[in-house]
Amino acid sequence: MEWQPDEQGLQQVLQLLKDSQSPNTATQRAVQQKLEQLNQFPDFNNYLIFVLTRLKTEDEPTRSLSGLILKNNVKAHYQNFPPAVADFIKQECLNNIGDPSPLIRATIGILITTITSKGELQTWPELLPQLCNLLNSEDYNTCEGSFGALQKICEDSSELLESDALNRPLNIMIPKFLQFFKHCSPKIRSHAIACVNQFIIGRAQALMDNIDTFIESLFALATDEDSEVRKNVCRALVMLLEVRIDRLIPHMHSIIQYMLQRTQDPDENVSLEACEFWLTLAEQPICKEVLSGHLVQLIPILVNGMKYSEIDIILLKGDVEEDEAVPDSEQDIKPRFHKSRTVTLQHEGGEGEEGEDVDEDDDDDDDTLSDWNLRKCSAAALDVLANVFRDELLPHLLPLLKGLLFSPDWVIKESGILVLGAIAEGCMQGMVPYLPELLPHLIACLCDKKALVRSIACWTLSRYAHWVVSQPPDSHLKPLMTELLKRILDGNKRVQEAACSAFATLEEEACTELVPYLSFILDTLVFAFGKYQHKNLLILYDAIGTLADSVGHHLNQPEYIQKLMPPLIAKWNELKDEDKDLFPLLECLSSVATALQSGFLPYCEPVYQRCVTLVQKTLAQAMMYNQHPDQYEAPDKDFMIVALDLLSGLAEGLGASVDQLVARSNIMTLLFQCMQDPMPEVRQSSFALLGDLTKACFPHVKPCIAEFMPILGLNLNPEFISVCNNATWAIGEIAMQMGSDMQPYVGLVLNNLVEIINRPNTPKTLLENTAITIGRLGYVCPQEVSPMLQQFIRPWCTSLRNIRDNEEKDSAFRGICMMIGVNPAGVVQDFIFFCDAVASWVSPKDDLRDMFYKILHGFKDQVGEENWQQFSEQFPPLLKERLSACYGLLGGKLGRKPLDFKRQT
């Protein structure tokens, strides 16, 4: 007997569906409660499918809503549906996939794919064969509905469809889909391409077997009159460029010609898909070769695509000039994620290298329209192509630029400024001759009457900050800084934001060049505090933190502290412990504390206490949640991470002065818990703080070492690079404080460190910190570490040769010398690497230079003059020169007692 609804029950369900379309919140709440009650009855879901598929007299929105509520139930409770209910729903879906209404067909398609996503593809064996069969139906609705459902299944389950679990249905489905590329209905053609497109990136075997037919079929549809079909053709070609470029190369000339046309398609959905082609092509090794001849056509098209569309301008409120008094709506504020501290070293010829994960948020010229659009895609394409072609791009661009930059139409002028910013990185060399003239023009654009021109000028100028700083300060830095500071106080919020971000970039480039202007800069930033709405305040914190990082201890002047600290502390007192705005404020204070050093002392106590409280609260909340997940919410651990990082900043800035604060708190107990947290970022920040406390006030850390060391050893796991990096660094700092007392713990960590330093593809930062820590362990416990010398000496030397002379490098090299003293045989086979590492020192301290001298001459004397000659022939000229100049190595003997290098067995 087929299931039939009870008339009264059916009326009840229909009433519920009508009520749920009411805008009234009280009604909505009642509907939610009623739904939860009805879900207790297993056949409630039969009513829902019945309304969707059988009640043709009801209006479509109500029927569709019934299907969507059923979809949510499937998502939440499908495993509890009785088999009879599940079978009835499946049967109804397949019988009605050809409903005359497109809305109902689409709803049934969504319902089918939701059921399959619950692991039902395996247990619904008739689904795919039936849907594929229904494609042959003479009835358009049935064909379209089945294709719609298949497209959703292909999107949601592409990997499963290729697996043996289902007996590889794609072998039948792909050839079937390809037949429909020629169908008379554009909607069906579009579905067919979209289905096949799901399998390009995963290189499904069934598609690879039919790749030539697929490509020919795409070419046949190139000039289709339907824009959805053209969009899907473009999308297919972009993906094929990534995975099967070999098959496109023979046709590359015509494909490029086609994409040039499509990038100008009147339908923006098509032009956006086509524009992606240039972004993808730029990443291919053949880009330069195949695209050179087409730049003359392509560049004007991309430049033209960089103008704001009319819709963009409406969405961006491009006609609103002053909105600084309008409060931000909360959904405008993107969630910020705190990036935990990673300890890095200073390199030759540059700043400390940030970890391997460089932020790439350069093209954020209008991020509130965070939807990807033709303007952004064109700008990104021009940026990557500038990086491929470098200055060869300029002959095609410069003639256009003049017309754009001086256009009376602000939209065109704005796009010209964006072009200049987009090519800044790739074409910098070729742009240099024009910059002395261009910069004053761009700085003048900061005063343009249109806010969108002022904001893009901020961004573009920030892209040339590196060049500005390389010039005499009065020529460009001073005028740029003066105007940017005015823009930070602009009446338009978008301009404030762009100016603040640009100023942060300028600070990073200019560093101490800004010191003469600090008073003026601080006046502006502090004034902005009273003026900014919520979203821009968060960016202002960043600009202040970056300023502190850039000028360092120069900020530690009573006059500057007086200006800066009161508003920061006022904000600090205003924010509650659960307010996420604490994140950027804590980050900012961490930089300020590190820069001010002793100048931060008057403020440190309340800041320190609150950080400890934040850590304590978060740990307590996490414990409650772990014990009773049904009663408590999981805490946001970012509060704890940011607090640990600010404590690190305090320890680094205040040094020994942090002693009293640590003594009066339970931070070491909390740290013990944080170091064992399941979340890697918490452990990462804990180890950074442990290292900083070890340097600042070791007597408080020492009693905990026996408990801490095993945990540190467990975290030497390069799967979590930053955790491993900070744990490694902390072990090295502890070793330096412990001295020979480190001996019992060497065994807990040494094997892991040696394994990490020998691992292929270990990031540079981690290699360097590992080498320093191995050296430091050898410095305090040479007897324990030196037997393993031969296993790490070569990677140890290569990873430290590029580090600047500093304390860390000094202690590590002392350690290696002491280990060679204990086990000289361990270095013999890789002695040339040791020579190279020694030569990387610019000015070692006298006693360290002495240690080097003894080892180098000891080796030379041991092998004898003739062998030494042969050995030193392998040296590159620069190395010979340095060793000769610094250690008299290539001349005769000098009268100091060298080291004995007999092989120790």
Side-chain angles (χ1 to χ4, degrees), residues 1-22 27-131 133-134 141-142 145-146 148-150 152-153 156-157:
M1 261 297 283
E2 192 186 49
W3 178 87
Q4 285 296 330
D6 165 72
E7 192 47 46
Q8 200 183 348
L10 188 59
Q11 287 315 313
Q12 213 180 340
V13 170
L14 283 171
Q15 190 51 51
L16 183 71
L17 291 167
K18 294 272 189 287
D19 289 347
S20 68
Q21 295 169 58
S22 147
T27 315
Q28 286 292 341
R29 225 173 283 131
V31 167
Q32 275 318 103
Q33 283 173 337
K34 187 80 178 147
L35 273 177
E36 279 162 28
Q37 286 167 12
L38 288 172
N39 266 323
Q40 307 306 312
F41 300 101
D43 69 349
F44 171 50
N45 293 302
N46 284 4
Y47 282 90
L48 291 174
I49 189 79
F50 188 88
V51 174
L52 173 67
T53 56
R54 305 269 187 108
L55 278 195
K56 314 267 191 208
T57 49
E58 274 305 321
D59 62 284
E60 287 178 15
T62 302
R63 289 172 63 198
S64 172
L65 183 65
S66 183
L68 294 174
I69 292 174
L70 175 55
K71 176 206 79 164
N72 290 339
N73 285 350
V74 167
K75 238 184 172 146
H77 324 288
Y78 188 72
Q79 62 285 358
N80 306 332
F81 283 20
V85 172
D87 289 343
F88 181 63
I89 293 171
K90 288 177 180 176
Q91 207 40 58
E92 283 302 297
C93 284
L94 280 174
N95 291 348
N96 293 280
I97 193 75
D99 193 281
S101 149
L103 178 63
I104 302 303
R105 292 200 297 274
T107 309
I108 294 174
I110 291 170
L111 188 52
I112 289 176
T113 189
T114 309
I115 294 172
T116 60
S117 71
K118 299 307 265 181
E120 283 295 295
L121 262 181
Q122 283 97 320
T123 50
W124 192 358
E126 68 274 21
L127 172 67
L128 293 174
Q130 264 190 277
L131 287 176
N133 224 355
L134 291 169
N141 293 338
T142 304
S146 308
L150 279 166
K152 293 181 183 80
I153 294 170
D156 293 346
S157 311

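Values in this document were obtained by computation on a predicted structure and should not be read as measured data.
Within a 6.0 Å sphere centred on NZ of Lys75, other residues, nucleotides and ligands contribute 12 heavy atoms or fewer. Atom CD of Gln79 has more than 12 neighbouring heavy atoms from other residues, nucleotides or ligands inside a 6.0 Å radius.
Thr107 places none of its side-chain heavy atoms less than 4.5 Å from the side chain of Leu111. Side-chain contact between Lys152 and Ile112 is absent, with no heavy atoms from C-beta onward closer than 4.5 Å. The shortest distance between side-chain heavy atoms of Leu94 and Ile108 does not fall below 4.5 Å. The closest side-chain heavy-atom distance from Lys34 to Gln12 is below 4.5 Å. Looking at Asp43 and Phe88, their side chains never come closer than 4.5 Å, going by heavy atoms from C-beta outward. When side chains are defined from C-beta on, Trp3 does not count as touching Val85, because their heavy atoms never get closer than 4.5 Å. You'll find the side chain of Asn96 reaches within 4.5 Å of the side chain of Lys56, heavy atoms only. Between Val51 and Leu65, the closest side-chain pair of non-hydrogen atoms is not below 4.5 Å.
Taking every heavy atom of both residues into account, Phe44 and Val13 meet most closely at CE1-CG2, 4.0 Å. Scanning all heavy atoms of the two residues, the minimum distance from Leu150 to Leu128 falls at CD2-CD2, 4.0 Å. The two residues Arg63 and Leu55 come nearest to each other via the heavy atoms CD-O, 3.3 Å.
To the nearest 0.5 Å, atoms OG1 (Thr114) and CG (Leu70) are separated by 9.0 Å. Taking CG of Leu131 as the reference point, atom OG of Ser146 lies at 5.5 Å (rounded to 0.5 Å). For the atom pair Gln21 CD and Thr27 OG1, the distance stands at 12.5 Å (nearest 0.5 Å).
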Query raised in the report: Hey, mind stepping through Leu16 and Ile69 against side chain to side chain contact (heavy atoms under 4.5 Å, CB included) and telling me if it holds?
Result: CA-CA 11 Å; Leu16 183 71; Ile69 292 174; 5.8 Å; no
Query raised in the report: Given Phe81 and Asn73, is the side chain to side chain contact (heavy atoms under 4.5 Å, CB included) satisfied, shown in steps?
Result: CA-CA 10 Å; Phe81 283 20; Asn73 285 350; 4.2 Å; yes
Report task. Given side chain to side chain contact (heavy atoms under 4.5 Å, CB included), test Arg29 with Gln32 step by step and report yes or no. Result -> CA-CA 5 Å; Arg29 225 173 283 131; Gln32 275 318 103; 5.6 Å; no
**Report entry** Asp59/Lys18 under side chain to side chain contact (heavy atoms under 4.5 Å, CB included): CA gap, chis, key distance, verdict
**Finding:** CA-CA 10 Å; Asp59 62 284; Lys18 294 272 189 287; 3.6 Å; yes
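Here the rule is side-chain contact (heavy atoms from CB on, under 4.5 Å) with Asp99, and of Asn141, Thr53, Ile104, Leu52 only Ile104 fits it.
Glu7 and Gln11 are linked by a side-chain donor-acceptor pair at a separation below 3.5 angstrom, with hydrogens and angles left out of the test. Between the side chains of Asp156 and Thr113, at least one donor N or O sits under 3.5 Å from an acceptor N or O. With no hydrogens or angles considered, no side-chain donor-acceptor pair links Gln91 and Asp87 at under 3.5 Å.
Under 4.0 Å is where a charged nitrogen must lie from a carboxylate oxygen, and between Arg54 and Glu92 at least one such pair does.
In terms of modelled atom types and a separation under 3.5 Å, the side chain of Ser64 and the main chain of Pro61 share no donor-acceptor contact.
Tyr47 has its ring centre no less than 6.0 Å from the ring centre of Phe50.
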